[in-house]
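Everything below concerns the one structure shown next.
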Amino acid sequence: MKIEKNKKISMKLYIEDFIVSKDIDNGYGIKISEKIKKIILFDKNFPNEDVWGNDEAFFIFSEKEPDKYLLEKVIEYILWLGEVKEELLNFYNKENFRHKLPNAGEDWFDGLSIFDFSICIDKNDDFNTEILLHDHIQNDFGFRLEIENKHFKQIKYDPNL
(Lines give C-alpha, C1' and ligand atoms only; values in the text may rest on other atoms or scores of the structure.)
Protein backbone atom coordinates (compact mmCIF):
# COMPACT_ATOMS: atom_id res chain seq x y z
CA MET A 1 0.00 0.00 0.00
CA LYS A 2 1.43 3.36 -1.05
CA ILE A 3 0.81 6.16 1.43
CA GLU A 4 1.46 9.72 0.28
CA LYS A 5 3.00 11.76 3.11
CA ASN A 6 4.95 14.67 1.58
CA LYS A 7 2.84 17.76 0.95
CA LYS A 8 2.33 18.23 -2.76
CA ILE A 9 2.96 21.58 -4.43
CA SER A 10 0.26 22.54 -6.87
CA MET A 11 1.30 23.69 -10.31
CA LYS A 12 0.29 27.29 -10.88
CA LEU A 13 -2.81 27.53 -13.05
CA TYR A 14 -3.56 30.48 -15.31
CA ILE A 15 -6.71 31.44 -17.18
CA GLU A 16 -4.90 30.46 -20.39
CA ASP A 17 -4.65 26.88 -19.07
CA PHE A 18 -8.40 26.36 -19.54
CA ILE A 19 -10.08 25.33 -22.78
CA VAL A 20 -13.78 26.16 -22.86
CA SER A 21 -16.18 24.48 -25.25
CA LYS A 22 -19.95 24.53 -25.62
CA ASP A 23 -21.58 21.17 -24.93
CA ILE A 24 -24.77 19.63 -26.32
CA ASP A 25 -26.83 20.72 -23.29
CA ASN A 26 -26.10 24.43 -23.91
CA GLY A 27 -23.63 24.38 -21.03
CA TYR A 28 -19.88 24.58 -21.17
CA GLY A 29 -17.12 22.07 -20.59
CA ILE A 30 -13.94 23.48 -19.11
CA LYS A 31 -10.89 21.37 -19.84
CA ILE A 32 -7.48 21.90 -18.29
CA SER A 33 -4.78 22.17 -20.95
CA GLU A 34 -2.75 19.03 -21.64
CA LYS A 35 0.43 20.91 -20.74
CA ILE A 36 -0.78 20.61 -17.12
CA LYS A 37 0.02 16.96 -16.38
CA LYS A 38 -1.53 16.80 -12.90
CA ILE A 39 -3.45 18.82 -10.37
CA ILE A 40 -3.43 18.45 -6.61
CA LEU A 41 -6.64 17.38 -4.85
CA PHE A 42 -6.60 16.55 -1.12
CA ASP A 43 -2.80 16.68 -1.27
CA LYS A 44 -2.87 13.88 -3.88
CA ASN A 45 -1.58 13.95 -7.43
CA PHE A 46 -4.51 13.62 -9.81
CA PRO A 47 -3.58 13.14 -13.48
CA ASN A 48 -5.08 15.56 -15.98
CA GLU A 49 -6.23 12.79 -18.30
CA ASP A 50 -9.29 10.86 -19.33
CA VAL A 51 -10.35 8.34 -16.67
CA TRP A 52 -13.39 6.92 -18.51
CA GLY A 53 -11.82 5.98 -21.85
CA ASN A 54 -13.63 8.50 -24.05
CA ASP A 55 -10.63 10.76 -24.82
CA GLU A 56 -12.12 13.69 -22.93
CA ALA A 57 -10.63 14.90 -19.68
CA PHE A 58 -13.41 17.32 -18.74
CA PHE A 59 -13.75 17.69 -14.99
CA ILE A 60 -15.38 21.11 -14.84
CA PHE A 61 -18.76 22.11 -16.25
CA SER A 62 -20.61 25.41 -16.21
CA GLU A 63 -24.22 26.28 -16.96
CA LYS A 64 -23.16 29.71 -18.22
CA GLU A 65 -20.30 30.80 -20.42
CA PRO A 66 -17.21 31.17 -18.24
CA ASP A 67 -15.64 34.62 -18.15
CA LYS A 68 -12.31 35.71 -16.67
CA TYR A 69 -13.86 36.17 -13.22
CA LEU A 70 -15.34 32.66 -13.16
CA LEU A 71 -12.09 31.06 -14.36
CA GLU A 72 -10.20 32.89 -11.58
CA LYS A 73 -12.70 31.41 -9.10
CA VAL A 74 -12.08 27.95 -10.60
CA ILE A 75 -8.33 28.36 -10.10
CA GLU A 76 -8.81 29.45 -6.49
CA TYR A 77 -11.26 26.59 -5.85
CA ILE A 78 -8.89 23.95 -7.26
CA LEU A 79 -6.11 25.33 -5.02
CA TRP A 80 -8.48 25.05 -2.04
CA LEU A 81 -9.33 21.44 -2.96
CA GLY A 82 -5.62 20.68 -2.86
CA GLU A 83 -5.28 21.74 0.77
CA VAL A 84 -8.46 20.67 2.61
CA LYS A 85 -7.00 18.01 4.88
CA GLU A 86 -8.27 19.28 8.25
CA GLU A 87 -11.69 20.24 6.86
CA LEU A 88 -12.15 16.75 5.38
CA LEU A 89 -11.00 14.98 8.55
CA ASN A 90 -13.32 17.10 10.72
CA PHE A 91 -16.27 16.50 8.38
CA TYR A 92 -15.63 12.76 8.13
CA ASN A 93 -15.33 12.32 11.89
CA LYS A 94 -18.53 14.29 12.62
CA GLU A 95 -20.69 12.49 10.05
CA ASN A 96 -22.59 9.29 10.71
CA PHE A 97 -22.84 6.84 7.83
CA ARG A 98 -22.51 3.16 7.04
CA HIS A 99 -18.98 1.66 7.10
CA LYS A 100 -17.46 4.74 8.74
CA LEU A 101 -14.22 4.31 10.66
CA PRO A 102 -14.59 5.46 14.28
CA ASN A 103 -11.73 8.00 14.29
CA ALA A 104 -10.14 8.81 10.96
CA GLY A 105 -6.80 10.56 11.23
CA GLU A 106 -3.72 11.35 9.22
CA ASP A 107 -3.10 7.71 8.20
CA TRP A 108 -6.64 7.48 6.80
CA PHE A 109 -6.24 10.77 4.92
CA ASP A 110 -2.82 9.82 3.56
CA GLY A 111 -4.21 6.47 2.37
CA LEU A 112 -7.01 8.02 0.28
CA SER A 113 -6.79 7.93 -3.49
CA ILE A 114 -8.97 9.91 -5.86
CA PHE A 115 -10.61 7.99 -8.67
CA ASP A 116 -12.55 10.82 -10.32
CA PHE A 117 -14.02 14.24 -9.64
CA SER A 118 -16.27 16.80 -11.24
CA ILE A 119 -17.07 20.42 -10.54
CA CYS A 120 -20.41 21.74 -11.81
CA ILE A 121 -20.94 25.49 -11.69
CA ASP A 122 -24.56 26.64 -11.85
CA LYS A 123 -25.99 29.92 -13.16
CA ASN A 124 -25.47 31.52 -9.71
CA ASP A 125 -21.75 30.62 -9.71
CA ASP A 126 -22.30 27.96 -7.04
CA PHE A 127 -19.68 25.21 -7.20
CA ASN A 128 -21.08 21.69 -6.75
CA THR A 129 -18.35 19.09 -6.55
CA GLU A 130 -18.41 15.30 -6.43
CA ILE A 131 -15.23 13.40 -5.65
CA LEU A 132 -14.95 9.62 -5.89
CA LEU A 133 -12.39 8.25 -3.44
CA HIS A 134 -10.91 4.92 -2.43
CA ASP A 135 -10.03 4.27 1.19
CA HIS A 136 -6.91 2.06 1.38
CA ILE A 137 -7.35 1.42 5.10
CA GLN A 138 -10.64 -0.32 4.31
CA ASN A 139 -9.30 -2.32 1.35
CA ASP A 140 -10.01 0.34 -1.28
CA PHE A 141 -13.63 0.74 -0.28
CA GLY A 142 -15.07 3.57 -2.38
CA PHE A 143 -17.08 6.56 -1.34
CA ARG A 144 -18.62 9.69 -2.82
CA LEU A 145 -18.00 13.07 -1.30
CA GLU A 146 -20.15 16.07 -2.15
CA ILE A 147 -18.96 19.63 -1.63
CA GLU A 148 -20.89 22.83 -2.30
CA ASN A 149 -19.01 26.15 -2.32
CA LYS A 150 -16.24 24.93 -0.01
CA HIS A 151 -18.72 23.31 2.40
CA PHE A 152 -18.70 19.55 2.75
CA LYS A 153 -22.28 18.38 2.31
CA GLN A 154 -22.39 14.60 2.22
CA ILE A 155 -20.25 11.51 2.29
CA LYS A 156 -21.56 8.08 1.31
CA TYR A 157 -19.76 4.81 0.98
CA ASP A 158 -20.38 3.18 -2.37
CA PRO A 159 -19.38 -0.49 -2.68
CA ASN A 160 -19.71 -0.20 -6.48
CA LEU A 161 -16.62 2.02 -6.77
Side-chain angles (χ1 to χ4, degrees), residues 1-25 27-89 91-92 104 106-122 125-152 155 158 160-161:
M1 166 172 63
K2 181 177 183 273
I3 306 263
E4 297 186 36
K5 287 245 179 202
N6 296 330
K7 183 163 176 53
K8 307 292 182 282
I9 308 239
S10 190
M11 183 170 206
K12 178 74 173 139
L13 291 172
Y14 299 95
I15 291 173
E16 298 79 29
D17 293 325
F18 295 99
I19 302 160
V20 177
S21 60
K22 195 161 180 87
D23 65 26
I24 58 173
D25 297 325
Y28 295 84
I30 304 170
K31 185 175 181 176
I32 299 172
S33 167
E34 291 178 5
K35 74 179 184 178
I36 305 297
K37 299 299 180 198
K38 63 181 172 36
I39 58 175
I40 306 298
L41 301 172
F42 296 175
D43 198 32
K44 315 279 183 259
N45 289 318
F46 186 80
N48 181 29
E49 59 189 33
D50 170 36
V51 296
W52 296 106
N54 61 6
D55 280 339
E56 293 185 1
F58 286 99
F59 305 114
I60 308 162
F61 305 90
S62 178
E63 290 182 358
K64 67 180 190 179
E65 186 171 9
D67 57 13
K68 179 179 177 180
Y69 170 75
L70 184 63
L71 293 175
E72 287 288 347
K73 281 181 67 175
V74 168
I75 291 169
E76 187 266 331
Y77 188 73
I78 289 172
L79 288 173
W80 176 80
L81 285 171
E83 300 178 347
V84 293
K85 179 178 185 174
E86 291 305 316
E87 294 94 327
L88 177 57
L89 284 169
F91 178 76
Y92 181 95
E106 194 167 318
D107 288 340
W108 174 81
F109 181 85
D110 290 341
L112 294 176
S113 63
I114 297 174
F115 174 71
D116 194 11
F117 84 101
S118 65
I119 301 169
C120 297
I121 307 162
D122 67 20
D125 290 350
D126 289 326
F127 284 57
N128 298 292
T129 304
E130 180 177 70
I131 300 175
L132 306 180
L133 298 153
H134 288 156
D135 175 353
H136 290 293
I137 288 180
Q138 296 193 81
N139 297 319
D140 285 336
F141 210 62
F143 64 90
R144 296 174 184 275
L145 177 66
E146 295 175 13
I147 306 169
E148 182 181 317
N149 293 327
K150 297 185 182 178
H151 298 286
F152 292 92
I155 188 169
D158 185 341
N160 296 319
L161 292 177

Between S33 and N48 the two heavy atoms that sit nearest each other are O-ND2, 2.9 Å
Flag side-chain contact, heavy atom, 4.5 Å: L112 against D135: yes
From S62 atom OG to D23 atom CG, the distance as rounded to the nearest 0.5 Å: 9.5 Å
Flag side-chain contact, heavy atom, 4.5 Å: L41 against F59: no
Is there a side-chain contact between F18 and L13 (heavy atoms, below 4.5 Å)? yes
Mind running salt bridge (Lys or Arg N to Asp or Glu O under 4.0 Å) on K85 and E106 for me, showing each step along the way? CA-CA 9 Å; K85 179 178 185 174; E106 194 167 318; 3.6 Å; yes
Is there side-chain contact between K44 and F109, with at least one heavy-atom pair below 4.5 Å? yes
Can you measure from CG (L70) to CD1 (I60) and round to the nearest 0.5 angstrom? 9.5 Å
So, taking the atom named CZ in F127 and the one named CG in D122, what distance separates them when rounded to the nearest 0.5 Å? 9.5 Å
Tell me, with the steps shown, if E76 and K150 meet salt bridge (Lys or Arg N to Asp or Glu O under 4.0 Å). CA-CA 11 Å; E76 187 266 331; K150 297 185 182 178; 2.2 Å; yes
Check this for me: K68, atom NZ, are more than 12 non-hydrogen atoms of other residues, nucleotides or ligands nearer than 6.0 Å? no
The reported gap from CZ in F152 to CG in L88 (rounded to nearest 0.5 angstrom) is 5.0 Å
Output the distance between atom CZ (R144) and atom CD1 (I155), rounded to the nearest 0.5 Å. 12.0 Å
Restricting to side-chain contact (heavy atoms from CB on, under 4.5 Å), what partner residues turn up for E34, sequence neighbours left out? K31
Value rounded to 0.5 Å, distance of CD1 in I30 from SG in C120: 10.0 Å
With side chain to side chain contact (heavy atoms under 4.5 Å, CB included) as the test, would you mind laying out the steps for I119 and L81 before giving the verdict? CA-CA 11 Å; I119 301 169; L81 285 171; 4.1 Å; yes
Flag side-chain contact, heavy atom, 4.5 Å: I147 against W80: yes
How close do G29 and F61 get, counting heavy atoms only, and between which atoms? CA-CD2, 4.2 Å
For F46 and F117, take the angle between the two ring planes, folded into 0 to 90°, and tell me which bin it lands in: parallel under 30, tilted 30 to 60, perpendicular over 60. perpendicular
Begin with the C-alpha distance, continue with both residues' side-chain angles, and end with the deciding distance and a verdict on side chain to side chain contact (heavy atoms under 4.5 Å, CB included) for W108 and L89. CA-CA 9 Å; W108 174 81; L89 284 169; 3.6 Å; yes
Keeping D25 on the side-chain end and G27 on the backbone end, is there a donor-acceptor pair under 3.5 Å? no
Taking N149 as the fixed residue, which of N128, T129, D126, D125 is the one that meets the side-chain hydrogen bond (donor to acceptor under 3.5 Å, both in side chains) rule? D126
Quick check against the 3.5 Å criterion: does D17 have a side-chain atom that pairs as donor or acceptor with the backbone of Y14? yes
